[in-house]
Colleague: 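Pasting a structure here, questions to come.
Quick note on labels: first sequence line is chain A, next is B, and so on, each numbered from 1.
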2 protein chains.
Amino acid sequence: MSIRLLLADDHRMLREGLRRSLTDAGFDVVGEAADGEEAVELAGQLLPEVVLMDVSMPHLGGVEATRRIHDAHPEVRVVMLTMHADADVVADAIRAGACGYLVKDCSIDEIADAIRAAVSGETTLSPQLAASMLGELRKLDRGPADPEERLITKREEEVLQLIADGCSTPEVAAKLYISQKTVKNHLAAIYQKLDARDRTQAVVRAVRMGIIRLD
Amino acid sequence: MSIRLLLADDHRMLREGLRRSLTDAGFDVVGEAADGEEAVELAGQLLPEVVLMDVSMPHLGGVEATRRIHDAHPEVRVVMLTMHADADVVADAIRAGACGYLVKDCSIDEIADAIRAAVSGETTLSPQLAASMLGELRKLDRGPADPEERLITKREEEVLQLIADGCSTPEVAAKLYISQKTVKNHLAAIYQKLDARDRTQAVVRAVRMGIIRLD
DNA sequence: TGGTTGATAGGCCGCCCGGCTCATTCCGCT
DNA sequence: AGCGGAATGAGCCGGGCGGCCTATCAACCA
């Protein structure tokens with residue numbers, strides 16, 4: 001029997017191309033989702049063997065969607081796709097229950113291999129990622145049985161998104177009905193968690209991690 | 001005869017998907033480019049009827065690559081692809097000689113229509129873009145015969161890229177062997193051109209316009 | 001019940017940032 | 001020869017920004 005797949009990516013162009021290529025490669029694409037929420041919903045309804053999930057999607061990021069799918073249906077394997085090779089995101093994704101991580105520059109054959117590996121319980125990483133992971137290996141060394149931590153809190157995410165939308169500290173404070181000081185407190189926490197030292201770095205890292213979006 | 005196409009996008013996954021879908025749709029994909037320079041080179045060698053070009057690519061952005069292809073081979077039609085619906089970029093792309101502009105959320109059918117329209121000399125815009133263009137129409141009204149202006153200069157682009165990489169003003173100055181004052185001057189010029197008021201806004205807008213990249 | 005975490009908020013300090021005006025040099029185009 | 005744009009640089013100034021420390025309150029959890 002062919003492997004049943006769910007595709008989750010916010011760009012129809014990529015979804016349609018993947019659907020055709022993966023269908024030709026012998027897989028059974030049973031559904032497509034355009035955002036994280038839809039992915040969680042369809043994964044529960046269709047119970048595919050593997051979900052191919054983009055990191056950066058509207059409404060709900062790929063990592064959080066992966067976490068929910070994994071919690072609700074541990075038998076569903078999730079393979080993540082991303083634009084950028086960022087070791088930190090890989091760690092988050094793996095903690096969230098993903099069993100594969102590919103950059104979008106890989107070939108259809110590599111995707112097919114990763115899907116088959118996922119079904120048989122193996123974890124696949126893009127070569128580009130494997131290399132950058134080696135440099136970050138020490139960080140993972142500290143705690144393998146880490147409780148599934150949602151690095152950025154909901155409130156911090158709201159602040160971060162407004163910053164990315166071009167708001168200054170006073171503007172963010174006004175929009176969230178809190179004081180400027182609180183905004184700065186959230187920002188300070190964000191800088192520490194994302195290893196950034198100013199709002200620009202924080203936005204760039206958050207975008208790469210799929211936490212926020214550039215609409 | 002089927003229409004000869006060149007695909008230019010830095011993500012192999014998207015290229016392979018598009019190649020298969022467009023081949024099935026009756027087009028003749030004669031080449032693939034992974035960055036702007038390669039696109040210019042291959043366009044010159046292969047002389048395809050249409051180039052499908054991503055806005056954001058390494059080494060050379062899609063808009064600049066389009067300009068060079070258009071200057072060297074005016075008979076080659078270029079259709080641009082982008083993640084974001086940004087009216088300003090559309091204006092730049094059209095000035096650079098593009099005869100189509102699609103967001104990556106459109107379907108294969110829409111791409112096929114845009115390619116056929118391009119061949120017959122028409123210009124196609126994604127519906128999402130057509131809508132946002134209406135709001136910006138006044139800006140285009142002022143000067144239709146605008147000289148092909150490269151909004152951001154080379155030096156400004158270097159500064160912007162370093163800022164996006166997380167450098168502060170003193171760090172950018174050190175890396176470029178210029179004074180902090182000059183960096184701030186370039187930034188001031190950038191803010192004006194991109195309609196931004198701080199570095200974070202400038203980086204976000206520049207990324208959406210494909211001027212710089214988030215590696 | 002006490003410990004942890006998230007969200008709220010204040011003060012203080014120093015520096016970087018962005019706005020303003022102005023000057024110089026070099027290059028390319030007319 | 002001259003004009004304009006790009007790149008370089010300076011000074012001034014006010015405000016935003018980031019670092020650091022402390023504090024309160026509610027929720028949750030062991």
Side-chain angles (χ1 to χ4, degrees), chain A residues 64 67 71 92 95 143 145-206 211-212, chain B residues 64 67 71 92 95 143 145-206 211-212:
Chain A
E64 184 57 26
R67 193 190 319 277
D71 287 352
D92 286 346
R95 272 198 290 268
D146 217 33
E148 310 203 347
E149 36 177 306
R150 176 193 283 74
L151 257 193
I152 297 298
T153 69
K154 195 175 300 181
R155 199 57 162 169
E156 286 161 0
E157 187 180 319
E158 290 176 16
V159 172
L160 209 38
Q161 184 63 60
L162 286 172
I163 294 292
D165 291 343
C167 295
S168 64
T169 299
E171 287 169 344
V172 173
K175 294 208 176 189
L176 295 182
Y177 304 104
I178 56 181
S179 79
Q180 296 189 23
K181 196 62 201 64
T182 302
V183 175
K184 291 173 72 172
N185 285 135
H186 287 309
L187 278 173
I190 290 167
Y191 296 150
Q192 202 177 0
K193 292 176 182 176
L194 296 189
D195 191 29
R197 72 180 162 203
D198 56 48
R199 54 194 63 214
T200 305
Q201 280 190 18
V203 166
V204 168
R205 290 197 63 85
I211 296 173
I212 57 171
Chain B
E64 184 56 27
R67 193 191 318 277
D71 287 351
D92 285 346
R95 271 198 289 269
D146 218 32
E148 309 203 348
E149 35 180 303
R150 177 196 281 75
L151 256 194
I152 297 298
T153 70
K154 196 176 299 181
R155 198 57 160 171
E156 285 162 0
E157 187 181 320
E158 289 176 18
V159 171
L160 209 38
Q161 184 64 59
L162 286 172
I163 295 292
D165 292 343
C167 295
S168 63
T169 299
E171 287 169 345
V172 173
K175 294 206 177 190
L176 295 181
Y177 304 106
I178 56 180
S179 79
Q180 297 188 23
K181 197 62 204 63
T182 302
V183 175
K184 292 173 70 174
N185 286 136
H186 286 309
L187 278 173
I190 291 167
Y191 296 149
Q192 202 177 1
K193 292 176 182 177
L194 297 190
D195 191 30
R197 70 180 165 205
D198 57 47
R199 55 195 63 216
T200 306
Q201 281 189 17
V203 166
V204 168
R205 290 196 64 84
I211 296 173
I212 56 170

Colleague: B/Ala206: what forms a side chain to side chain contact (heavy atoms under 4.5 Å, CB included) with it, not counting sequence neighbours?
Modeller: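 In terms of side chain to side chain contact (heavy atoms under 4.5 Å, CB included), with neighbours along the sequence ignored, B/Ala206 is linked to B/Leu160, B/Leu194, B/Ile211, B/Ile212.
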Colleague: Excluding sequence neighbours, so at least two apart, what forms side chain to side chain contact (heavy atoms under 4.5 Å, CB included) with B/Thr182?
Modeller: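 B/Thr182 satisfies side chain to side chain contact (heavy atoms under 4.5 Å, CB included) with B/Ile178, B/Ser179, B/His186 only.
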Colleague: Any side-chain N or O of B/Tyr191 less than 4.0 Å from the OP1 or OP2 oxygen of C/dG18?
Modeller: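 For B/Tyr191, the contact criterion (side-chain N or O under 4.0 Å from OP1 or OP2 of C/dG18) is met.
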Colleague: Tell me whether the OP1 or OP2 atom of D/dC17 has a side-chain N or O from A/Arg199 closer than 4.0 Å.
Modeller: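 Result: yes.
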Colleague: Using nucleotides 7-13 of chain D, report all nitrogen or oxygen pairs with the protein that are shorter than 3.5 Å.
Modeller:
| unit_1 | atom_1 | unit_2 | atom_2 | d |
| --- | --- | --- | --- | --- |
| D/dA7 | OP1 | B/Arg155 | N | 3.3 |
| D/dA7 | OP2 | B/Thr153 | OG1 | 2.6 |
| D/dT8 | OP1 | B/Arg155 | NE | 3.0 |
| D/dT8 | OP1 | B/Arg155 | NH2 | 2.8 |
| D/dT8 | OP2 | B/Arg155 | NE | 3.1 |
| D/dT8 | OP2 | B/His186 | NE2 | 2.7 |
| D/dG9 | OP2 | B/Ser179 | N | 2.6 |
| D/dG9 | OP2 | B/Thr182 | OG1 | 2.9 |
| D/dG9 | N7 | B/Asn185 | OD1 | 2.8 |
| D/dG9 | O6 | B/Asn185 | OD1 | 3.4 |
| D/dG11 | O6 | B/Lys181 | NZ | 3.4 |

Colleague: Could you pull out the closest heavy-atom pair between B/Leu176 and B/Glu158, with the gap in Å?
Modeller: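 That would be CD2-OE1, 3.7 Å.
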Colleague: May I have all residue pairs that pass salt bridge (charged side-chain N to carboxylate O under 4.0 Å, His left out) and include part of residues 173-192 of chain A, sequence neighbours excluded?
Modeller: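 Non-adjacent pairs meeting salt bridge (charged side-chain N to carboxylate O under 4.0 Å, His left out): zero.
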Colleague: Given B/Leu187, which of B/Asp198, B/Thr169, B/Val172 fulfils the side chain to side chain contact (heavy atoms under 4.5 Å, CB included) condition?
Modeller: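 That would be B/Thr169; it is the only one of B/Asp198, B/Thr169, B/Val172 passing the side chain to side chain contact (heavy atoms under 4.5 Å, CB included) with B/Leu187.
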Colleague: Taking atom P of D/dG5 as reference, at what distance in whole Å does atom CD1 of B/Ile190 sit?
Modeller: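 Distance, rounded to whole Å: 18 Å.
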Colleague: For the pair B/Tyr191 (side chain) and B/Ala202 (backbone), establish whether a donor and an acceptor sit closer than 3.5 Å, ignoring hydrogens and angles.
Modeller: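 It does not hold such a pair.
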Colleague: Between B/Glu171 and B/Ser168 (side chain of the first, backbone of the second, donor and acceptor by atom type, cut-off under 3.5 Å), is there such a pair?
Modeller: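 Yes; judged by distance alone, with no hydrogens or angles, the pair exists.
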Colleague: Near DNA chain C, under 4.0 Å by heavy atom, which residues of residues 157-170 of chain B?
Modeller: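 Result for residues 157-170 of chain B: B/Ser168, B/Thr169, B/Pro170, sorted by number.
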Colleague: Please enumerate all residues that pass side chain to side chain donor-acceptor pair (under 3.5 Å) together with B/Gln180, with sequence neighbours excluded.
Modeller: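 Counting only residues at least two positions away or on another chain, B/Gln180 forms no side chain to side chain donor-acceptor pair (under 3.5 Å).
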Colleague: Which atoms of nucleotides 25-30 of chain D (N or O only) lie under 3.5 Å from a protein N or O atom, and what are those distances?
Modeller:
none

Colleague: Answer yes or no: is there a donor N or O on one side and an acceptor on the other, between the side chain of A/Arg197 and the main chain of B/Gly166, under 3.5 Å?
Modeller: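 Looks like yes, one N/O pair under 3.5 Å.
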Colleague: Which residues satisfy the salt bridge (charged side-chain N to carboxylate O under 4.0 Å, His left out) test with A/Glu157, sequence neighbours excluded?
Modeller: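 Result, salt bridge (charged side-chain N to carboxylate O under 4.0 Å, His left out) vs A/Glu157: none returned.
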Colleague: Taking five pairs at each end of the helix from C/dT1-D/dA30 to C/dT30-D/dA1, what angle separates the two helix axes (nearest 10°)?
Modeller: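 Angle reported: 50°, given to the nearest ten degrees.
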Colleague: Kindly write out the residues that satisfy side chain to side chain donor-acceptor pair (under 3.5 Å) with B/Gln161, not counting sequence neighbours, or none if the list is empty.
Modeller: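 Only B/Asp165 meet the side chain to side chain donor-acceptor pair (under 3.5 Å) criterion with B/Gln161.
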